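Note that this is a predicted model, so its numbers are computed, not measured.
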Amino acid sequence: MSATQLVWLRNDLRLADHPAIYEAQQQGDIALVVCLTPGQWQEHNESEAKFALREQLIDTLFLQAKSLNISLHVLHLKRFSDCAKAIPALCSEHHYQQVWWQNELPVHEAQRDDKVAQALEEGKIACQRLAPDLIVPTPVLNQQNGPFKVFTPFYKRWLQILIQQLSSPYPEPKAQSESIHSDHQSFRSKDFRDDLWPADYQAIREKLWRFCHNKEAQYDEDRDFPAVPGTSLLSPYLALGAIGPRDCLEAIMYVSQQNNRDWQASVWLKELAWRDFYKQLMGHFPDLSKSLPFKPETQQVRWNDSEQLFQAWCEGKTGFPIVDAAMRQLNQTGWMHNRLRMITASFLTKLLLIDWRKGEAYFMSKLIDGEFAANNGGWQWSASTGCDAAPYFRVFNPTRQSERFDPDGEFIKRFVPELKPLSAKEIHDPAPSVRSKIGYQAPIIDYKAARKKAISAFEDLK
DNA sequence: AGACCCTTGCA
DNA sequence: GCAAGGGTC
């Protein structure tokens, strides 16, 4: 029997824990399709690192699918709008009767999906659009049936729903009998850092389980220290969907039970809830997809246009060691520790008073794990323009943050080698004489004055 | 998911 | 001097 069901994979590049793949296979043999839309991703400022990881994941996915006699089509398109022709065309060529996918919530993605659904309908091809790829895929709503605008109550309700709906991850698809045609040419990217971010599915699963076994219990204690490998390092895989949300949940629950801990108290799970929160917000508030702030009044903030200050931030030459180390980590590795994302974002939006959208775009252009909803949510949180954001007067003191979260300057020294000779005492804010001796940038702003200016820029809005 | 400043209470 | 606690930005 040849395949009749087509599953369209987007940012859910995996076979296991995949509801569309599982459901589709109940109705017949399946084939898979991925649409490459590099022009669109470029418009979304997505990084080359993420693009390269996606290619690697598609390569290994292809092999994995092949071993189950499942075809994977890779369509080389430019923009989202090309999908509305390409998908129905693929269906008629191979006589697929029904197309499946998991919805995506940001505006461009939702429009793309609507257009494809419409085109399929016109071509008399059935289409099954499933809920988004979240731990709790159903909308989490308050008592007025509206979206939550504050995380904590969202989280409480989210947990309740999660407990009601608890289910195991969807199993991998079964092997099919028909032999398949394979029209995919391996990308085999030349300089992909496979050691940092393996694209092999076995290795990725191991990363998840090893984290849950060894680190998850200490996550709350360790996650704020950039010199400590205390975070999961799974974000690139979550962003592209190489691991599924229920896979994460299952690992948390299993390991918690082994260690006699309450899985509901997992702090890492709470972070995953933030992911659901920001993604669901995208669906409720289309403005978020249009470079608009959640708090409309913050449209009036008079941001600083200085290209010089912005460049200094991008390059890690602000003269604030922790900020510079963080930006250099981003530029050199395509990844930045979460605590540092908050510090650098607060620095850009508050102390430099530069538009959060410039930081948001720069992060996307460098991050291997760049994910629109989480990145936008994080930036709007830092800039105090967002939903349940930091209050406008909350300005991170980069020196204080550095002292608290990198006390020995261990992380700083890793990425700002010129500071290696300095002691733990002086590294967070070296004296002017020390700076000139070792050739390290003077601070590009005066902290106290900048803090005042930032607070009053927001107070002017009242 | 903060920081700062000014108390108070103690040495 | 100073830690700890509270109000304010």
Between [Y] and [X], does any NZ, NE, NH1 or NH2 come within less than 4.0 Å of an OD or OE carboxylate oxygen?
| X | Y | value |
| --- | --- | --- |
| A:Arg54 | A:Glu48 | no |
| A:Glu109 | A:Arg112 | no |
| A:Asp406 | A:Arg339 | no |
| A:Asp408 | A:Lys420 | no |
| A:Glu297 | A:Lys295 | no |

**OP:** Kindly compute the distance separating CH2 (A:Trp335) from CG (A:Asn338), expressed to the nearest 0.5 Å.
**Re:**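 Reported value, rounded in 0.5 Å steps: 8.0 Å.
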Does NZ or CZ of [X] come closer than 6.0 Å to the centre of the six-membered ring of [Y], within 45° of the ring's axis?
| X | Y | answer |
| --- | --- | --- |
| A:Lys207 | A:Tyr237 | no |
| A:Arg328 | A:Phe415 | no |
| A:Arg10 | A:Trp8 | yes |

Scan nucleotides 2-7 of chain C against the protein and return all N/O pairs shorter than 3.5 Å with their distances rounded to 0.1 Å.
none

Original post:
Can you tell if the side chain of A:His18 reaches within under 4.5 Å of the side chain of A:Gln102, non-hydrogen atoms only?
Top reply: yes
Original post:
At under 4.0 Å, does any side-chain N or O of A:Arg394 touch on OP1 or OP2 of B:dC4?
Top reply: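 False: A:Arg394 side-chain N/O out of range (4.0 Å or more) of B:dC4 OP1/OP2.
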Original post:
Phosphate oxygens OP1/OP2 of B:dG2: is one of them under 4.0 Å from a side-chain N or O of A:Asn397?
Top reply: no
**OP:** Please list, by residue number, the residues of residues 441-461 of chain A whose heavy atoms come closer than 4.0 Å to an atom of DNA chain B; answer none if no residue qualifies.
**Re:**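 Contacting residues: A:Tyr447, A:Lys448, A:Arg451.
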Original post:
Between residues 333-364 of chain A and DNA chain B, which residues have a heavy-atom gap below 4.0 Å?
Top reply: A:Arg339, A:Met342
Original post:
In whole Å, what is the span from the OH atom of A:Tyr392 to the C1' atom of C:dC9?
Top reply: 6 Å
